[in-house]
Amino acid sequence: MTAGADLDYNAARAALEWLIELGVDSAVLDEPVDAYALPDTLNAPKPAPAVAAPQGPGGPPLRVVEAGPDPVAVARQAAAAANDLEALREAVTAYELCDLKKGAKTTVFADGNPKARVMIIGEAPGRDEDIQGKPFVGRAGHLLDKMFAAIGLSRTSPDAEAAFYITNVLPWRPPGNRDPEPAEIAQMLPFLARHVELADPDLIVLMGNAACAAALNKRGILRLRGTWAEAFGRPALPMTHPAYLLRQPHAKREAWADLLSLRARLNALAP
């Protein structure tokens with residue numbers, strides 16, 4: 001029995017399509033060829049020849065997959081074209097190249113006072129955020145509000161001096177609330193950078209590992225927290241995510257120290 005005797009038409013077609021996508025352009029020869037013994041001119045890479053779409057017996061041409069647009073380049077162009085926060089919100093909502101959007105109910109853009117001196121960058125929406133369309137509205141969000149109220153800041157304050165503004169690295173909820181993947185962070189990073197530029201805060205708070213990965217290209221929040229860095233051209237303070245504090249209440253003492261550091265930095269920058 002030959003190797004392909006048990007393959008039906010559909011299986012053979014799928015196998016051939018897979019080989020074409022891998023770049024195969026010639027069949028196995030009857031005799032082996034020692035490529036190392038060939039002249040250098042023959043060993044040099046050659047442009048792939050144009051190949052007509054193969055057809056199965058009585059079937060349509062096999063599908064040939066073509067490379068689509070670069071998601072990061074498209075995001076960069078769309079972000080750069082936004083001249084204000086509302087235009088950026090529309091650009092993010094219209095962006096179709098991130099697969100997370102397909103499984104999300106809403107696009108979670110931002111909340112709070114956009115003129116605030118403090119901008120908080122979280123990781124990604126959870127279930128409650130996906131339903132309500134706002135960042136930090138679940139249990140972690142309630143804890144965050146209490147934490148920042150303790151140093152005189154509120155997301156609802158109309159006073160920029162007493163307010164904070166929130167966004168996330170990703171505007172769409174990852175399935176099962178999993179961590180954002182590096183490729184997803186890279187796709188949405190141009191929008192985040194433009195978001196910071198348009199909001200123009202004095203200070204940034206990086207809540208959790210994904211925020212540090214996007215803004216600092218570093219991970220290890222337990223090592224990074226409490227140490228001021230620079231992100232998007234501004235002073236940035238990494239902090240443990242409120243969701244972590246709910247699981248590890250003993251870490252609230254360190255979070256309080258970070259909040260005091262933020263308050264002191266704000267006071268030092270006061271006009």
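Numbering starts at 1 and runs along the sequence shown.
In plain terms, the two heavy atoms of F164 and A116 that are nearest each other are CA-CB, 3.6 Å. Here the closest non-hydrogen pair linking C212 and L206 is SG-CB, 4.1 Å. Scanning both residues, D128 and G138, for their nearest heavy atoms gives OD2-CA, 3.4 Å. Pairing each heavy atom of G220 with each of N209, the nearest pair is N-OD1, 2.8 Å. The minimum heavy-atom distance linking A255 with T240 is given by the pair CB-OG1, 4.4 Å. Among all heavy-atom pairs drawn from E123 and A210, the shortest one is OE2-N, 3.4 Å.
L143 and V137 fall into different hydrophobic clusters, defined by Ile, Leu, Val, Met, Phe, Trp and Tyr side-chain heavy atoms under 4.5 Å apart, directly or through other members. Connection of L170 to V74 is established within a shared hydrophobic cluster, with ILVMFWY side chains joined at heavy-atom distances below 4.5 Å, either directly or through further cluster members. Residues L198 and V108 fall into different hydrophobic clusters, defined by Ile, Leu, Val, Met, Phe, Trp and Tyr side chains chained together at heavy-atom separations under 4.5 Å. In the hydrophobic clustering of this structure, V72 does not group with V92; members are Ile, Leu, Val, Met, Phe, Trp, Tyr whose side-chain heavy atoms approach within less than 4.5 Å, directly or through other members. With hydrophobic clusters built from ILVMFWY side chains whose heavy atoms lie under 4.5 angstrom apart, F232 does not share a cluster with L237.
The local environment of CD in Q248 is crowded, with over 12 non-hydrogen atoms from other residues, nucleotides or ligands closer than 6.0 Å. The number of heavy-atom neighbours closer than 6.0 Å to CG of N217, taken from other residues, nucleotides and ligands shown, is 12 or below.
Side chain to side chain, W172 and T106 fail the donor-acceptor criterion of an N or O pair below 3.5 Å.
To the nearest 0.5 Å, atoms CG (L246) and NE2 (H142) are separated by 10.5 Å. Here M207 contributes atom CE and L245 contributes atom CG; the two are 8.0 Å apart, rounded to the nearest 0.5 Å. Note that the CG atom of L189 and the CZ atom of R194 stand 14.0 Å from one another [nearest 0.5 Å]. Separating the CE atom in M239 from the CG atom in L224 is a distance of 13.5 Å, to the nearest 0.5 Å. Taking CZ of R117 as the start and CG of L269 as the end, the distance is 6.0 Å to the nearest 0.5 Å. Expressed to the nearest 0.5 Å, how far CZ of R225 lies from NE2 of H241 amounts to 16.0 Å.
Under the 4.5 Å side-chain criterion, counting only non-hydrogen atoms from C-beta, L216 is in contact with P238. Under the 4.5 Å side-chain criterion, counting only non-hydrogen atoms from C-beta, V118 is not in contact with D202. The side-chain heavy atoms of P201 and I204, taken from C-beta on, include a pair separated by under 4.5 Å. Between W256 and L259 the shortest side-chain heavy-atom distance falls below 4.5 Å. Within the 4.5 Å cutoff, the side chain of M188 has no heavy atoms near those of the L192 side chain. At a threshold of 4.5 Å between non-hydrogen side-chain atoms, the residues L144 and R155 count as touching. Within the 4.5 Å cutoff, no side-chain heavy atoms of W228 are placed close to those of D258.
Distance alone, capped at 3.5 Å, places no donor-acceptor pair between the N168 side chain and the P171 backbone. Put simply, the side chain of T93 gets close to the backbone of R89: a donor and an acceptor are under 3.5 Å apart. Looking at T167, its side chain does come within 3.5 Å of a backbone N or O of F109 through a donor-acceptor pair. Of the possible polar contacts, none joining the N113 side chain to the A163 backbone as a donor-acceptor pair under 3.5 Å is found. R223 contributes a side-chain N or O that, together with a main-chain N or O of R219, makes up a donor-acceptor pair within less than 3.5 Å. At least one donor-acceptor pair closer than 3.5 Å links the side chain of Q187 to the backbone N or O of L97.
Here K102 pairs with D99 in a salt bridge; the nearest charged N to carboxylate O distance falls below 4.0 Å. Of the charged side-chain nitrogens involved, at least one lies within less than 4.0 Å of a carboxylate oxygen, so that E96 and K101 count as a salt-bridged pair. The pair R178-E184 meets the salt-bridge criterion, with a side-chain N (NZ, NE, NH1 or NH2) lying under 4.0 Å from an Asp/Glu carboxylate O. Taking the charged nitrogens against the carboxylate oxygens, R234 and D200 do have a contact shorter than 4.0 Å, which makes a salt bridge. Between E129 and R173 no salt bridge is recorded (no basic side-chain N to carboxylate O distance below 4.0 Å).
Under the 30°/60° scheme for interplanar angles, the aromatic rings of H195 and Y165 are found to stand perpendicular.
When each of L203, V205, D111 is tested with I120 by the rule side-chain contact (heavy atoms from CB on, under 4.5 Å), just one qualifies, namely V205.
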